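All ligand and atom numbering here is 1-based and tracks the order in the structure. None of the values given here were measured: they were computed from a predicted structure.
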Amino acid sequence: MSIFSTFLGLCWLLCALVGPALGLNTPHLYQWKFSDETIPTNLPTCVTFGIIVESANITTNATIGVPPYYMISLPIGGTPQIQLIGSDQNNLMWTVAQPVGSQMLLSVVDSQQNPGGIPGREFTVIAGQTTQCVTTPISTPAFTVSANVTTDLETCAPWGLTVVGGTPPFTVTLAQTNVPIVTNVSMDFGTDRFTFINRAHPTGTLIAAVSDL
Ligand SMILES: *[C@@H]1O[C@H](CO)[C@@H](O)[C@H](O)[C@H]1NC(C)=O
Ligand SMILES: *[C@@H]1O[C@H](CO)[C@@H](O)[C@H](O)[C@H]1NC(C)=O
Ligand SMILES: *[C@@H]1O[C@H](CO)[C@@H](O)[C@H](O)[C@H]1NC(C)=O
Ligand SMILES: *[C@@H]1O[C@H](CO)[C@@H](O)[C@H](O)[C@H]1NC(C)=O
């Protein structure tokens, strides 16, 4: 499966409006954080960070999702990665494997695709002591997605995504800062274009990725 991503710039989606209509999994079962709360914005390649999953309701601890957990990194203009980070909620391990210079959103999901949230900021990958763990995406045959707006997108403005290459059907994955869910939308079969209507609330970053069959 090839996945490429593109960047929408500064816009915000009201997930509450579209979420239920898209058959999403349940947000707010659990939340995640770095074990070291003073984590920098710059993440060095091939460094492993501890991740903790805790119940969204720390009074009852009733729900922690269904292990194992996965980290999804969604870089602007790059290829998303999904990495297994473990099953022990207090001892999850994630290794930075995106290329140096990647600016990305991070999202943890459980084995049932239940989301654990997306922090309200982008992370930047910097060179660590080694870059040996960095995986280079497959670039042939070409499979890319481009957007017709890459800076600011006004509320209610249409955002046009165009897919080149790949094998349909295509799925568009939308992720944004401070919104707990990652949204998947199927593109109509036989089309290479997808239009997203920007549903309000400015500020924040939205990233779209497209995956094929
Ligand atoms: C946590 O669960 C308890 C018991 O079900 C409930 O009373 C409380 O409102 C919940 N707290 C949050 C923050 O949801
Ligand atoms: C819930 O989990 C937190 C963190 O692990 C812990 O400090 C707390 O005692 C737990 N609460 C209950 C009711 O088990
Ligand atoms: C969204 O689509 C991607 C790519 O096909 C897949 O890996 C992921 O599991 C899907 N997420 C949900 C919540 O369905
Ligand atoms: C972007 O594409 C959408 C969908 O095709 C279109 O409605 C919109 O006018 C385009 N915006 C710009 C700035 O070209």
Side-chain angles (χ1 to χ4, degrees), residues 1-8 13 15-37 50-92 94 97-98 104-118 135 137-138 143-145 147 161 163-189 191-192 194 196 206-213:
M1 179 180 66
S2 312
I3 309 176
F4 283 79
S5 75
T6 188
F7 172 54
L8 168 58
L13 156 72
C15 63
L17 288 181
V18 292
L22 298 170
L24 292 161
N25 295 72
T26 316
H28 307 305
L29 290 177
Y30 67 95
Q31 54 202 349
W32 69 275
K33 62 184 183 186
F34 286 97
S35 316
D36 178 355
E37 303 210 22
I51 304 287
I52 291 173
V53 159
E54 59 189 17
S55 180
N57 187 329
I58 52 173
T59 314
T60 62
N61 291 344
T63 52
I64 57 156
V66 182
Y69 300 94
Y70 298 83
M71 177 69 83
I72 304 176
S73 52
L74 293 144
I76 295 164
T79 302
Q81 292 177 3
I82 301 177
Q83 294 159 277
L84 180 66
I85 57 173
S87 293
D88 176 354
Q89 68 174 116
N90 294 311
N91 189 25
L92 303 168
W94 170 65
Q98 288 284 4
M104 58 191 183
L105 301 188
L106 295 176
S107 170
V108 168
V109 296
D110 72 1
S111 61
Q112 310 294 301
Q113 304 285 349
N114 298 307
I118 299 176
T135 49
I138 301 157
F143 176 38
T144 59
V145 58
L161 301 177
V163 178
V164 175
T167 307
F170 300 116
T171 302
V172 180
T173 300
L174 295 158
Q176 63 203 298
T177 47
N178 269 334
V179 170
I181 53 169
V182 171
T183 305
N184 275 357
V185 189
S186 297
M187 279 173 61
D188 292 336
F189 201 88
T191 181
D192 57 1
F194 179 79
F196 174 76
L206 175 65
I207 288 183
V210 172
S211 48
D212 74 351
L213 178 65

Enquirer: Among V109, V210, N184, which one puts a heavy atom closest to atom 6 (C) of ligand 3?
Expert: N184

Enquirer: When only distance counts, is T59 in polar contact with ligand 1, meaning an N/O pair under 3.5 Å?
Expert: no

Enquirer: Whether the side chain of S111 engages the backbone of V66 through a donor-acceptor N/O pair (distance < 3.5 Å, no angle test) should be reported.
Expert: yes

Enquirer: With heavy-atom distances below 4.0 Å as the criterion, list the atoms of ligand 3 near Q113.
Expert: 8 (C), 9 (O), 11 (N), 12 (C), 13 (C)

Enquirer: Taking 4.0 angstrom as the limit and counting only heavy atoms of S211, give me the atoms of ligand 3 inside it, by number and element.
Expert: 4 (C), 5 (O)

Enquirer: Check the angle between the aromatic planes of F34 and W94 and answer parallel, tilted or perpendicular using the 30° and 60° thresholds.
Expert: tilted

Enquirer: List every atom of ligand 3 that sits less than 4.0 Å from any heavy atom of I82, numbering the atoms from 1 in the order shown and giving each element.
Expert: 7 (O)

Enquirer: Can any side-chain N or O of E54 pair as donor or acceptor with the backbone N or O of N90 at less than 3.5 Å?
Expert: no

Enquirer: Protein heavy atom under 4.0 angstrom of atom 2 (O) of ligand 2, is there one?
Expert: yes

Enquirer: Among protein heavy atoms, which sits nearest to atom 5 (O) of ligand 1, and what does the distance come to when rounded to 0.1 Å?
Expert: T60 CG2, 4.3 Å

Enquirer: Just by modelled atom types, is the A97 backbone N or O under 3.5 Å from a matching donor or acceptor in the Q81 side chain?
Expert: yes

Enquirer: Taking V53's backbone N and O only, do any of them form a donor-acceptor pair with Q89's side chain (distance below 3.5 Å, no angle check)?
Expert: yes

Enquirer: Looking at N57, which atoms of ligand 1 are within less than 4.0 Å of one of its heavy atoms?
Expert: 1 (C), 2 (O), 3 (C), 8 (C), 10 (C), 11 (N), 12 (C), 14 (O)

Enquirer: Tell me if the aromatic rings of Y69 and Y30 count as close, with their centers under 6.0 Å from one another.
Expert: yes

Enquirer: Under the 4.0 Å line, does any protein heavy atom show up next to atom 8 (C) of ligand 2?
Expert: yes

Enquirer: State the atoms of ligand 2, each with its element, that fall below the 4.0 Å cut-off from a heavy-atom position in N61.
Expert: 1 (C), 2 (O), 3 (C), 8 (C), 10 (C), 11 (N), 12 (C), 14 (O)

Enquirer: Looking only at atom types and distance, does a side-chain atom of T63 sit under 3.5 Å from a main-chain N or O of S55, one as donor and one as acceptor?
Expert: no

